[in-house]
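Here's the structure we're looking at; comments come further down.
This one's a predicted model, so the numbers in the text were calculated from it and none came from an experiment.
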Amino acid sequence: MAKGSQLAQLKAALSKAGVTGQPQQGKKRKRTGSVDKDKEKRAAKLDEINKRLNPFDTKVTKLKHDVGGRKVKGVSGKPAQSKQAGIEQRKKTLLKEFHEKGRAGGVVDRRFGENDPSMSLEERMLERFTQERQRASKGTAFNLEDEDELTHYGQSLSKLDDFDDVGLGLDDEEDTGKIDADVVKRAHFGGFDDDEEGSEEPARKKSKAEVMAEVIAKSKEHKLRRQMEREHEENVRHELDQEFDSLRALIYAPDPSTGANDSPAETTSQPALLTLPTVPEDYDQHVRELAFDKRAKPKDRTKTEEEIALEEKETLEKAEQKRKKRMLGLEESDSEDEGKSRGKRKRGGDDLEDDFADDSQWDGLGSGLTGAVNVDEEAESSGSGEEESGDDEDEGSSEVDEDEDEDDSENEAEEGEHEDLIQARKSASGNSKGKAKELPFTFPCPASHEEFLDIVDEISDDDVPTVIKRIRVLYHTSLSPDNKIKLQVLATILIDHILYITTPPRPRFSLVSSILPHLEALTKAYPVQVAEYVVEKLALMQKNLKRGLSKGTLDPEAKTWPGLSELTLLRIIGATWSTSDLNHAVVSPARVLLGAYLGLSRVRSLSDIASGLFLCTLFLQYEKLSKRLVPEAINFLINTILHLAPHHYKTVGSLPGSFPSPDFQSDLCRPLTLSTKAQNKKLVPRKANLSALLLSDELTEQAKVDLLSLALRLLGDYADMYKSLEGFVELYTPILEIIKNVDSTNMAEALQTRLTLLNDSLERLLKFSRQARQPLCLQAHKPIPIPSYIPKFETTTSNYLRRQDPDHDRNEASKLRNQYKQERKGAIRELRKDAKFLAGVEQQKQKEKDRAYHERMKRVFGSIEGERAEEKAMEREKAKAKRRAGRK
């Protein structure tokens with residue numbers, strides 16, 4: 001190639017190839033090829049020149065060891081062409097997907113008349129039927145398998161003889177006594193002619209008439225066969241109908257086990273049935289008799305929750321209507337369900353009227369009580385309930401204002417009076433002792449606790465869960481959007497009612513157990529609202545604790561320990577919510593409040609010890625799964641044992657361990673210790689009565705024995721729960737020493753046995769815990785080799801042999817890893833190219849938008865500048881006119 005610039009090289013290459021320059025002078029050369037071939041040659045020469053002049057179009061990889069005759073893939077490549085091919089491929093696939101991104105396709109409704117309101121339903125069905133028939137009739141113009149009968153000149157083809165035209169007939173006019181040659185050739189093996197045996201003539205092609213005749217013959221044969229089969233089936237069915245009497249005798253034959261008293265003639269063999277007299281009976285009559293047999297009924301489908309709730313609500317409303325009509329003396333036939341009540345029996349003179357209430361009819365919703373109810377009294381009670389609810393709202397708002405004022409100043413909160421969790425506006429009486437009233441089936445949904453008290457005022461405790469159940473059914477969430485708010489309020493009302501019925505002097509814990517399932521169901525449905533309300537109650541309890549501590553921890557009038565209602569609320573929290581969570585919106589504040597009660601309150605009487613032991617029981621329930629350490633509970637149990645049990649410790653300093661004991665041997669706690677009289681041995685530990693201990697201040701020896709037995713049992717339960725802790729030895733070693741120093745000489749035998757069992761259990765658990773401990777040691781691991789700097793010599797220089805592993809599995813795994821690595825690199829490379837391509841498309845689109853925007857703005861600015869120029873020209877003309885006028 002000539003030296004020089006790129007342009008000089010291009011000119012020299014074009015001139016050498018004959019593409020440019022003067023044509024050859026001399027003789028006219030012959031036109032050997034066409035013009036198209038010349039164009040192709042010219043284009044090929046130009047491509048070759050372009051490739052030679054652009055060395056960057058071809059990429060060549062230099063081989064380290066070139067072996068002759070070996071073809072290595074990827075030695076030379078054309079990056080520009082491959083790049084262009086990749087771009088073209090992405091334009092066909094990726095760009096199309098990019099343009100169709102976010103596009104929502106539609107379904108075209110091609111059904112007849114769906115979008116045409118002028119067509120009736122019959123016209124639509126007729127159009128569809130016509131289309132289906134036309135579609136089915138395509139390609140069936142010569143379908144001879146149809147059931148329609150074929151005719152020829154008015155005669156049925158099925159009645160014609162099939163052997164009329166087979167060549168067996170003789171000509172009557174030329175009756176010479178000889179057989180036709182065609183007959184001999186077809187039926188007599190060709191006359192046994194030897195000349196035709198060796199001749200292999202090709203088969204003659206049948207004409208269209210012969211083919212159609214053969215097809216018609218086969219069709220008629222199949223049709224005849226089907227008719228014969230149909231006639232055979234009809235004959236079999238007729239015979240079966242005729243013999244149905246004998247079959248019916250076999251079907252309805254009596255059980256052989258019950259026919260022992262029959263005569264021998266009746267118990268003959270089976271062929272004796274054929275000897276029965278044949279009495280003509282109608283078969284259709286037997287078929288109609290079988291039609292009256294009882295058929296299997298399909299089961300009802302599973303109803304949804306909304307359908308079940310609606311059905312239960314309608315059931316209760318109908319029952320309430322019937323109850324009101326019975327109460328007013330109306331007859332049952334006056335109701336809307338007159339047709340349904342006709343099937344019931346008529347009431348006689350001695351009827352006890354116990355058939356209108358069925359316990360199984362209301363699906364667990366309860367039943368009404370016998371008796372009568374005055375409607376006017378219900379109206380008055382509802383009206384009074386509304387007035388009281390209004391008063392409650394006013395008082396509730398005032399309480400909220402007071403709470404806000406108390407939150408503003410902590411000192412004012414501590415100096416305030418103790419507030420109850422629920423305002424007891426009515427006496428917490430038990431079951432009404434008056435005349436039993438009939439329980440209504442429908443109730444209004446209460447908006448406050450006062451309205452709920454008006455509803456359950458004269459209802460026994462056994463029927464209160466039924467009332468709550470019916471309210472939940474009548475105001476189910478699926479029946480109305482407002483019922484959700486009403487059920488949320490009902491959940492808070494149930495909490496208030498539980499606190500109300502557990503207030504002294506006569507708490508009703510059995511009613512709490514029956515209301516708790518409904519509260520749990522409402523809590524699962526509306527956890528946020530119930531949690532907020534319970535947290536408000538816990539905040540009030542913590543505020544009361546602060547007020548009691550500000551008065552003095554040893555003041556008998558200070559309420560530093562929770563009462564029955566507070567303990568009931570804490571017990572409900574543990575039964576309703578999960579107590580094993582690390583952080584919980586309700587349980588975490590309750591756990592902190594329990595620790596504050598046990599850690600800050602001081603023991604003054606047996607009621608304080610009973611309340612504290614109940615709190616320890618709640619802590620045991622709370623931490624049963626999480627097994628978190630509660631030092632306040634362990635400390636309170638040890639102090640309870642020191643307060644109640646006689647021991648040999650005189651001062652606080654002589655106590656083992658570091659348990660805080662502020663009330664040890666105090667003036668208020670000395671009377672709580674069990675007396676050492678011999679008559680105390682006869683006392684038997686019983687289950688502690690919490691309500692009696694909290695409501696009475698008597699220091700009975702039986703109560704002390706019960707509380708001491710409970711404290712020992714709880715201490716053993718806590719030891720069993722904390723046995724897997726790392727610090728179990730340090731925690732329970734001083735406790736074991738205190739248990740050993742308890743003087744059990746004059747105690748009851750049951751207490752002595754419990755002390756001995758607790759002592760043995762703690763010794764065994766401490767022994768196992770010490771054995772499980774391992775001394776600290778260095779980490780056991782494989783010794784680390786000293787690094788060696790000796791060079792590694794390879795015995796072979798071949799990379800192929802170096803990569804080979806003698807283990808076949810490791811070798812295959814290595815190949816798979818290398819293949820995965822290469823594929824991963826290739827996938828990443830393709831993804832990057834796709835991203836680059838899409839970025840270019842986005843950039844091009846943005847450029848088009850910017851260009852269109854700039855052009856639009858140029859047009860706008862041009863128009864504005866033109867208008868402004870015209871305006872300035874007019875101003876100049878006006879100024880000139882003014883100057884000329886002034887000169888004149």
Side-chain angles (χ1 to χ4, degrees), residues 400 403-404 406-407 410 413-414 418-422 488 491-492 494-496 498-499 502 512 516-517 519-550 559-601 611-637 660 714 717-718 720-722 724-728 731:
V400 171
D403 292 341
E404 292 178 355
E406 289 171 357
D407 292 337
E410 185 178 357
E414 293 180 355
H418 183 274
E419 295 183 14
D420 294 332
L421 295 180
I422 185 68
Q488 292 175 5
T492 60
L494 292 183
I495 295 175
D496 290 340
I498 290 175
L499 298 176
T502 53
V512 175
L516 187 58
L519 180 59
E520 290 179 354
L522 292 174
T523 303
K524 290 180 180 179
Y526 314 105
V528 177
Q529 291 76 13
V530 179
E532 292 175 354
Y533 192 75
V534 174
V535 170
E536 292 179 3
K537 296 294 183 182
L538 294 176
L540 181 58
M541 292 170 61
Q542 192 264 347
K543 198 176 296 182
N544 290 335
L545 176 61
K546 282 186 178 180
R547 292 168 180 171
L549 294 176
S550 64
K559 295 182 179 180
T560 57
W561 290 95
L564 281 176
S565 57
E566 289 85 354
L567 294 176
T568 305
L569 179 62
L570 294 173
R571 177 67 179 86
I572 289 173
I573 291 174
T576 307
W577 280 281
S578 174
T579 58
S580 61
D581 297 346
L582 181 61
N583 293 313
H584 195 275
V586 178
V587 179
S588 296
R591 192 185 298 114
V592 173
L593 184 59
L594 287 174
Y597 277 128
L598 293 175
L600 300 178
S601 301
S611 180
L613 289 178
F614 190 83
L615 295 178
C616 294
T617 307
L618 291 180
F619 255 132
L620 184 65
Q621 173 196 353
Y622 282 15
E623 311 301 337
K624 185 177 181 180
L625 294 177
S626 60
K627 297 182 180 180
R628 286 184 284 258
L629 179 62
V630 184
E632 294 88 355
I634 303 296
N635 183 35
F636 184 82
L637 292 176
L714 289 176
D717 294 340
Y718 274 101
D720 191 29
M721 186 174 65
Y722 292 149
S724 60
L725 292 179
E726 295 293 336
F728 179 77
L731 180 63

Checking Leu569 against Thr502 for the side chain to side chain contact (heavy atoms under 4.5 Å, CB included) test, could you report, in this order, the C-alpha distance in whole Å, the side-chain angles of both residues, the deciding distance, and whether it holds?
CA-CA 10 Å; Leu569 179 62; Thr502 53; over 6 Å; no

Calculate, to the nearest 0.5 Å, the distance between atoms NZ and CG belonging to Lys543 and Leu540 respectively.
6.5 Å

Using side-chain heavy atoms (C-beta onward) and a distance below 4.5 Å, is Asp496 in contact with Tyr533?
yes

Under 3.5 Å: donor-acceptor pair, side chain of Thr560, backbone of Gly548
no

Is there a side-chain contact between Lys537 and Leu499 (heavy atoms, below 4.5 Å)?
yes

Nearest heavy-atom contact between Ala590 and Leu570 is CB-CD2, 4.3 Å

Rounded to the nearest 0.5 Å, what separates atom NZ in Lys627 from atom OG in Ser580?
12.5 Å

Leu598 backbone acceptor or donor facing Ser601 side chain under 3.5 Å:
no

So CD1 of Ile573 and CG of Leu618: to nearest 0.5 Å the spacing works out to 9.5 Å

Any non-hydrogen side-chain atom of Thr617 less than 4.5 Å from a side-chain atom of Asp717?
no

Might you work through the side chain to side chain contact (heavy atoms under 4.5 Å, CB included) test for Phe728 and Leu629, ending with a clear yes or no?
CA-CA 10 Å; Phe728 179 77; Leu629 179 62; over 6 Å; no

Correct closest heavy-atom pair for Pro589 and His584 would be CD-O, 3.6 Å

Hey, could you give me the CD/NZ distance between Glu566 and Lys559, rounded to the nearest 0.5 Å?
8.5 Å

Quick one: sort the Phe619 and Tyr622 rings into parallel, tilted or perpendicular, breaks at 30° and 60°.
perpendicular

Using atom types as modelled and distance alone, determine if a side-chain donor or acceptor of Glu532 lies under 3.5 Å from a backbone N or O of Gln529.
no

Mind running side chain to side chain contact (heavy atoms under 4.5 Å, CB included) on Val587 and Asp581 for me, showing each step along the way?
CA-CA 8 Å; Val587 179; Asp581 297 346; over 6 Å; no

Quick one: does Tyr597's side chain have a donor or acceptor within less than 3.5 Å of a partner on Val592's backbone?
no

Regarding Thr523 and Glu520, do their side chains bring together a donor and an acceptor under 3.5 Å, going by distance alone?
no

Main-chain N/O of Pro562 paired with Ser611 side-chain donor or acceptor, under 3.5 Å:
yes

Minimal non-hydrogen separation, Arg628 against Tyr722, with atom names
O-OH, 2.8 Å

Note, Leu615 side chain near Trp561 side chain (heavy atom, < 4.5 Å):
yes

Lys546 NZ to Leu600 CG distance, which is reported to the nearest 0.5 Å:
11.0 Å

Correct closest heavy-atom pair for Val535 and Ala585 would be CG2-O, 3.5 Å

Flag the pair Asn544 / Arg547 as yes when at least one side-chain heavy-atom distance between them is below 4.5 Å, and no otherwise.
yes

If every non-hydrogen atom of Thr576 is compared with every non-hydrogen atom of Ile572, which pair is closest and at what distance?
OG1-O, 2.7 Å

Closer than 3.5 angstrom, by distance alone: can the side chain of Tyr718 be matched with the main-chain N or O of Cys616 as a donor-acceptor pair?
yes

What's the spacing between Arg571 CZ and Leu516 CG if we round to 0.5 Å?
8.0 Å

Measuring only between side-chain heavy atoms, which start at C-beta, is Thr579 closer than 4.5 Å to Leu625?
no

Stepwise salt bridge (Lys or Arg N to Asp or Glu O under 4.0 Å) test for Glu623 and Arg591:
CA-CA 10 Å; Glu623 311 301 337; Arg591 192 185 298 114; 2.9 Å; yes

Does the side chain of Val530 come within less than 4.5 Å of Thr492's, by heavy atoms?
no

